[in-house]
Amino acid sequence: MRNKEIARIFNEIADMYEMQDIDFKPRAYRKAAQNIESLGKDIEEIYEDDELKNIPGIGESTAEEIKEYLDTGKVQRLEKLKTDMPVDLRSLSAVETIGPKKIKVLYQQLGVSNLDDLEQAAKQGKIQDLEGFGKKTEENILANISFAREKGQRFLLGYVLPEAKEIIQELTDQVDQIELAGSLRRMKETVGDVDILVVSSESEKVMDYFTNLDRVEQVIAHGKTKSTIRLYGGIQVDLRIVNKQSFGSALQYFTGSKDHNVKLRKIAQKNGLKLNEYGLFEDDKRKAGESEEKVYQKLDLEWVPPELREDIGEIDAAKQNSLPNLIQYDDVNGDLQMHSNWSDGSNTMKEMIEESRNLGHSFIAFTDHVGTLKVAGGMDKKEWEKQGEKIAEFQKKFDDIHIFHGLEANIKKNGDLDIDSSFLKEADVVLASVHSSFRLPKKEMTKRIIKAIENKYVHILSHPTGRKIQKKEAINLDLDAVFKAARKNDVAIEINAYPERLDLNDVHVHRAINKNVKLSIGTDAHRKDHLRYYSLGTAVARRGWAQKKDIINAFSLSKLKNFLNKTQ
DNA sequence: GCCGTTTTCGGCCCGACTGTTTTCAGTCG
């Protein structure tokens, strides 16, 4: 799949045009990029079938440029634009409040072309004197530059996991045993690379097969027991071949985390044993190794689910047989945030409902934007009521899925919602979320959010911290105070399952459930392909030690309705 | 540059917010 690369190129072209003050082309390229990125189908296949122009937003020139890129690895248009303005656009625009226009000025006036130049110029106080800049802008640059630097070092779980699973699928027939390891198996929100472990008697054949997969851009290492490849899109994949009798201990070893493993080895040592990737040994005698369960068992520990292996108390809990009974991936019965084309989603409600039924959901909530967020198609009351009539019709047609009619309202700067209560009280599910004024001081922000939670019509505080992984920092918030208010007012806090949000994150989930706060999983899907991300929300819940009782999506429908009926 | 026609040209989600100005441009969603 090279969709992402092409999307990146089109986005870069859009940035370049924006810098040159050219109208509309940026939007066209961005739209093309967006549609390619969430295609859910391999663009090379579409090219081979000569169907590129059937992709919405792709026309004559962009289709040609996709072909050009797939054939030659370059797009001349971008190369030319880069010669005119040789700046590292992507890392520079990762600094909040710095966009194409400002970058242009910085380059032309000060010769700034990368983050190092930018930092130097800011430190020397050269930026505040530029026209359109000022002291605050300069301070802001210095404050945000390290965040911008970290961007792009790791890959998002939600985008890597499907590809890793595909690779496993492709290899399965070639091997005796296969399993994902590493941070991907622990379902960490970002991963540095992909680790795959296999058992096979024909190691050379397996390695040849692996290094010749279609998706390989470069073979970095090709050995008998370990090979490393880099995929189109940049991520590296390690494949290791181990002996059958060591598979469990190797899986344990390569799953990590490092801290978890150090503790485990210490326990082994204390008991006169030695633990490594080849097995658990007493002198030279193998006590365990074939299965992970046996390794833990021989150390007098409960088997620890991979999501918990971060050395934050799970080993003590495993010792005392008191690991939490984690929510299971199939405990989640439905999705409590999604958007249709009634606001800014791409698919019709019918398409979203059908896909949700395919995923086995027994309930969903449409939570389209309302109110002042016009850019996201915010509906007025009349439109929203029309949507409700349509939902009632669908409900008659489908008796296997319950459809809540919800909405997503904006929390204004002062904590009020941007629609009035006569509107709010008609909704089955009210999400409240921040879409503006992200940079208030902590105290003011906390007050603002708590005010929204105290609104008696609000059921769920959605994407509570607003962070986007590697893109946008969290708002400044006293989360413990927010949790306290949420519990008091019976408001659930969302685990937004969209790959770049995962907000709340695992650490926050842990804190929330310790305060008995209920949590809600919503994909925030803006097209039907996004609906499958709900399991990422479950992964975050598991990493935060959540159980079935903590997650309202795991409630029975009647219990969930009860939870949502607080104002009636 | 793409789209969809009132079919080969004209329109393209736009409002809030911030920091810069002193009435507005750039950024963000």
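The chains referred to below are lettered A, B, ... by the order of the sequence lines, with proteins before strands, and numbering in each begins at 1. In what follows, every heavy atom counts, from backbone to side chain, and hydrogens, waters and symmetry copies are set aside.
Going from atom CZ of R501(A) over to atom C1' of dG29(B) covers 9 Å, rounded to whole Å. The separation between E408(A) atom CD and dG29(B) atom P is 14 Å, rounded to whole Å. Spacing between atom CD1 of I103(A) and atom C1' of dT27(B) amounts to 11 Å, rounded to whole angstrom units. In this structure, the CD atom of E68(A) is 16 Å from the C1' atom of dG1(B), given to the nearest Å. D15(A) places its CG atom 10 Å from the P atom of dC28(B), with the value rounded to the nearest Å. In this structure, the CD1 atom of I411(A) is 17 Å from the P atom of dA16(B), given to the nearest Å. R30(A) has its CZ atom 15 Å from the P atom of dC2(B), to the nearest Å. Going from atom CG of D23(A) over to atom P of dC2(B) covers 16 Å, rounded to whole Å.
Projected onto DNA chain B by closest heavy-atom contact, G134(A) and F438(A) fall at different nucleotides, the more 5' of which corresponds to G134(A). Of the residues near DNA chain B, K468(A) and A63(A), the one whose nearest nucleotide (by heavy atom distance) lies more toward the 5' end is A63(A).
Which of dT27(B), dC2(B), dT18(B) sits closest to the side chain of A28(A) comes down to dC2(B). The side chain of E60(A) lies closest to dC2(B), out of dG19(B), dC2(B), dG1(B). Comparing dC17(B), dG29(B), dC2(B) by their closest approach to the side chain of K472(A) singles out dG29(B). The side chain of K136(A) approaches dT20(B) more closely than any other nucleotide in the set dT20(B), dC2(B), dC17(B). You'll find that the side chain of H435(A) is closest to dG29(B), out of dT27(B), dG29(B), dT18(B).
dT8(B): no Watson-Crick or G-U partner with both key distances under 3.5 Å is found in any strand.
Between R27(A) and dG11(B) there is no side-chain polar atom (N or O) within less than 4.0 angstrom of OP1 or OP2. Distances shown here put a side-chain N or O of K413(A) below 4.0 Å from the OP1 or OP2 atom of dT18(B). Residue T62(A) places at least one side-chain N or O closer than 4.0 Å to OP1 or OP2 of dC2(B). Within the 4.0 Å cut-off from OP1 or OP2 of dT18(B), not a single side-chain nitrogen or oxygen of T137(A) is found.
Separation of the P atoms belonging to dT21(B) and dA16(B) is 24 Å when rounded to the nearest angstrom. Here the separation of dC13(B) from dT18(B), taken at their C1' atoms, is 22 Å to the nearest Å. The gap from the P atom of dT5(B) to that of dC12(B) amounts to 15 Å, rounded to the nearest Å. Nucleotides dG4(B) and dT8(B) have their P atoms positioned 15 Å apart, rounded to a whole Å. Across dG26(B) and dT20(B), the matching P atoms stand 14 Å from one another, rounded to whole Å. Between dC9(B) and dG15(B), the distance separating the two C1' atoms is 29 Å to the nearest Å. When the P atom is used for both dT6(B) and dG10(B), the distance is 15 Å, rounded to whole Å.
Contact annotation for R77(A): backbone-only contact, meaning every heavy-atom pair under 4.0 Å involves sugar-phosphate atoms and none involves a base. K31(A) comes within contact range of no nucleotide atom at all, as no heavy-atom separation falls under 4.0 Å. Nucleic acid contact class of P26(A) (heavy atoms, under 4.0 Å, all strands): none. In this structure, E131(A) reaches neither bases nor backbone, as no heavy-atom distance under 4.0 Å exists between it and the strands shown. Within 4.0 Å of K102(A), counting heavy atoms only, lie sugar-phosphate atoms of the nucleic acid but no base atom.
Between W384(A) and H405(A), the ring-plane angle classifies as parallel under the 30° and 60° cut-offs. The aromatic rings of F398(A) and F394(A) sit parallel, their planes meeting at an angle under 30°, below the 60° perpendicular limit.
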Before giving the answer on side-chain contact (heavy atoms from CB on, under 4.5 Å), spell out for V540(A) and L536(A) the whole-Å C-alpha distance, their side-chain angles and the decisive distance to 0.1 Å. CA-CA 6 Å; V540(A) 173; L536(A) 300 178; 5.7 Å; no
Check the pair K53(A), E60(A) against salt bridge (Lys or Arg N to Asp or Glu O under 4.0 Å), reporting the backbone distance first and the verdict last. CA-CA 7 Å; K53(A) 285 188 70 184; E60(A) 205 73 50; 3.1 Å; yes
Salt bridge (Lys or Arg N to Asp or Glu O under 4.0 Å) evaluation trace for R527(A) with D529(A): CA-CA 6 Å; R527(A) 50 189 303 149; D529(A) 321 323; 3.3 Å; yes
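Taking the ring centre of F438(A) as origin, the terminal cationic atom of K472(A) falls inside the region bounded by 6.0 Å and 45° from the ring axis.
Both stacking criteria are satisfied for F24(A) over the base of dC12(B): a centre-to-centre distance under 5.5 angstrom and an angle between ring planes under 30 degrees.
Ring centroid separation for the pair H361(A) and Y534(A) comes in under the 6.0 Å cut-off.
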